[in-house]
Amino acid sequence: QQQVKQSPQSLIVQKGGISIINCAYENTAFDYFPWYQQFPGKGPALLIAIRPDVSEKKEGRFTISFNKSAKQFSLHIMDSQPGDSATYFCAASINTNAGKSTFGDGTTLTVKP
Amino acid sequence: GAGVSQSPRYKVAKRGQDVALRCDPISGHVSLFWYQQALGQGPEFLTYFQNEAQLDKSGLPSDRFFAERPEGSVSTLKIQRTQQEDSAVYLCASSSGRHGYTFGSGTRLTVV
């Protein structure tokens, strides 16, 4: 049973455009929702995270939107740049204190110049 | 150290061989995790340590997989009698407990 479903599998965006990646979860006990960015040959790197007591969090060009009732959250990358081309993973955990995370299957983002 | 260090970066093992993968977490990080990442997929949880205590090993796929962190810092993931299905990238992550993980670059294991 996949607890975190991520879409789309791949995404192509023009430079300057908005990239949107969506995730849906099933377990209502999840209380910490991070997004990770992974480049080839590297481990995932924490990008931004949100807890369910807020509906939106913004850090620079990256924004998480969170819909608790729909059990969905999304990553928006504004003014997408070629350097943003990477694989993005959403995740969810039950314990905000670094409990084990369940990851989505990833979205490969390509930003065309 | 400044980041999570994993060694070796690449390991080729013959089927049936035992392997040991090492993880040096960020100094002072209490929590340490091992994940397995198959090609084109997200990381899958294997096991979790808090200091030297292994609090969760529910993700270890079989009794051929064993992890330890005897002094609460460096951790080793051991795979006995490797099989082809063990081929994957093994990621180690550490956390101070207040934020998300810091991952290492992983060990790519290929079983031939």
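Only a predicted model underlies this, so the values are computations on that prediction, with no experimental measurement involved. Residue numbers begin at 1 in each chain, while the letters A, B, ... track the order of the sequences.
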Just by distance, do the side chain of [X] and the backbone of [Y] share a donor-acceptor pair under 3.5 Å?
X: A:T63; Y: A:K58; result: no
X: B:Q50; Y: B:Y48; result: no
X: A:K57; Y: A:A49; result: yes
X: B:Y101; Y: A:S101; result: yes
X: A:S80; Y: A:G17; result: yes
X: A:T87; Y: A:T108; result: no

Does any non-hydrogen side-chain atom of [Y] lie less than 4.5 Å from one of [X]?
X: B:R15; Y: B:Q83; answer: yes
X: B:W34; Y: B:L21; answer: yes
X: A:I77; Y: A:V13; answer: no
X: A:R61; Y: A:D84; answer: yes
X: A:D105; Y: A:Q6; answer: no

Look at the aromatic rings of A:F103 and A:F89 and report parallel, tilted or perpendicular, splitting at 30° and 60°.
perpendicular
Interface residue of largest heavy-atom contact number with chain B, from A:P44, A:G106, A:A45, under 4.5 Å:
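With the most close heavy-atom pairs to chain B, the winner is A:P44.
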According to the side chain to side chain donor-acceptor pair (under 3.5 Å) rule, which pairs have a member within residues 68-78 of chain A, sequence neighbours left out?
A:N67-A:S69, A:S74-A:H76
Residue-level interface, [range] with chain A, non-hydrogen cut-off under 4.5 Å:
range: residues 102-112 of chain B; answer: B:F103, B:G104, B:S105
range: residues 55-71 of chain B; answer: B:D56, B:S58
range: residues 35-46 of chain B; answer: B:Y35, B:Q37, B:G40, B:Q41, B:G42, B:P43, B:F45

Quick check: is B:V89 connected to A:L46 through a chain of hydrophobic side chains (ILVMFWY, heavy atoms under 4.5 Å apart)?
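Yes: a chain of side-chain contacts under 4.5 Å links A:L46 to B:V89.
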Contact class of A:Q38 relative to chain B, heavy atoms under 4.5 angstrom:
side chain
Is it the side chain or the backbone of A:P34 that comes within 4.5 Å of chain B heavy atoms, both, or neither?
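Neither; nothing under 4.5 Å.
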